[in-house]
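First comes the structure, then the notes that go with it.
The analysis underlying the following values was restricted to heavy atoms, covering all of them including side chains, and did not include hydrogens, waters or symmetry mates.
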Amino acid sequence: MLDTSEMVNQFIRDLRSCDYYCRVIMEYNLKLEEAAYRLQGVSSPNVKATICENANDPYSDVAKLELMEIETKLTRERQIYIDRIRYCEKIEAINSLEDKNLVIDLYVVKMRYADIEKKYNYSRSAIFKRSQKILKGLF
């Protein structure tokens with residue numbers, strides 16, 4: 001069983017990776033669009049290949065089944081990243097707007113530490129202590 005410090009550290013890693021998760025989801029969306037286009041695209045078998053080849057049925061749906069399997073696999077993989085981003089939405093449970101903005105600026109937006117020090121009037125060590133305390137309150 002995970003203790004709260006490990007859960008907080010994992011949550012911080014997920015917050016820092018939200019941008020990466022979004023880019024991966026966009027890539028999966030493009031792949032899904034391509035698979036849907038190929039699945040619904042209109043094509044006919046090559047007549048010359050049909051005449052020469054007697055062993056294979058040119059009108060079989062094997063290619064469509066493979067595309068459907070690829071589509072379900074891509075959908076499942078994309079859903080993993082969507083769930084990770086939804087997990088990061090726990091940050092909305094922070095009641096204080098200043099605390100929420102501190103955590104967002106620190107881990108999601110990845111502002112420079114000097115800018116955060118000026119904005120919130122905390123020292124660098126106080127920023128990290130405050131953010132740890134805020135996130136431990138979520139768990």
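Contact of the Q132 side chain with the I12 side chain is registered, since non-hydrogen atoms from C-beta on lie closer than 4.5 Å. Residues Y37 and E34 have side chains not in contact (no heavy-atom distance under 4.5 Å, counting atoms from C-beta outward). Using a 4.5 Å heavy-atom threshold, the side chains of D99 and R130 count as touching.
I70 CD1 to E66 CD: the interatomic distance, rounded to the nearest 0.5 Å, is 7.0 Å. The structure places OG of S123 at 7.5 Å from NZ of K129, a figure rounded to the nearest 0.5 Å. Note that CZ of R23 and OG of S17 are 9.5 Å apart. Values are rounded to the nearest 0.5 Å. To the nearest 0.5 angstrom, L106 atom CG is 14.0 Å from R112 atom CZ. In this structure, the separation between CD1 on I25 and CD on E27 is 10.5 Å, given to the nearest 0.5 Å. N29 CG to T75 OG1: the interatomic distance, rounded to the nearest 0.5 Å, is 9.5 Å.
Across all non-hydrogen atoms, the minimal contact from A36 to E71 is CB-OE2, 4.1 Å.
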Which atom pairs, one a donor and one an acceptor, fall under 3.5 Å between side chains of residues 79-93 and the rest of the protein, sequence neighbours left out?
unit_1 : atom_1 : unit_2 : atom_2 : d
Q79    : NE2    : D83    : OD1    : 3.0

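We find that D19 and K110 are not joined by a salt bridge, their nearest charged nitrogen and carboxylate oxygen being 4.0 Å or further apart.
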Would you check, one step at a time, whether the test side chain to side chain contact (heavy atoms under 4.5 Å, CB included) holds for F11 with F139?
CA-CA 10 Å; F11 188 69; F139 298 101; 3.8 Å; yes

Can you check salt bridge (charged side-chain N to carboxylate O under 4.0 Å, His left out) on K118 and D115, steps first, answer last?
CA-CA 5 Å; K118 289 178 186 175; D115 296 338; 5.1 Å; no

Assess whether side chain to side chain contact (heavy atoms under 4.5 Å, CB included) is satisfied between E6 and D3, documenting all intermediate values.
CA-CA 6 Å; E6 291 174 359; D3 62 339; 3.0 Å; yes

Might you work through the side chain to side chain contact (heavy atoms under 4.5 Å, CB included) test for L102 and E98, ending with a clear yes or no?
CA-CA 6 Å; L102 174 71; E98 183 179 342; 5.7 Å; no

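In terms of hydrophobic clustering, with Ile, Leu, Val, Met, Phe, Trp and Tyr side chains grouped at heavy-atom distances under 4.5 Å, M7 and L138 are assigned to a common cluster. Y21 and M26 are not part of a single hydrophobic cluster, where members link through side-chain heavy atoms under 4.5 Å apart.
For the salt bridge (Lys or Arg N to Asp or Glu O under 4.0 Å) test, no residue two or more places apart in sequence or in another chain qualifies with E33.
In summary, of the residues considered (R76, R78, E77), a side-chain hydrogen bond (donor to acceptor under 3.5 Å, both in side chains) with Y28 occurs for E77 alone.
Ring centers of F128 and Y113: under 6.0 Å apart, within the cut-off.
Side chain to side chain, Y120 and D105 meet the donor-acceptor criterion of an N or O pair below 3.5 Å.
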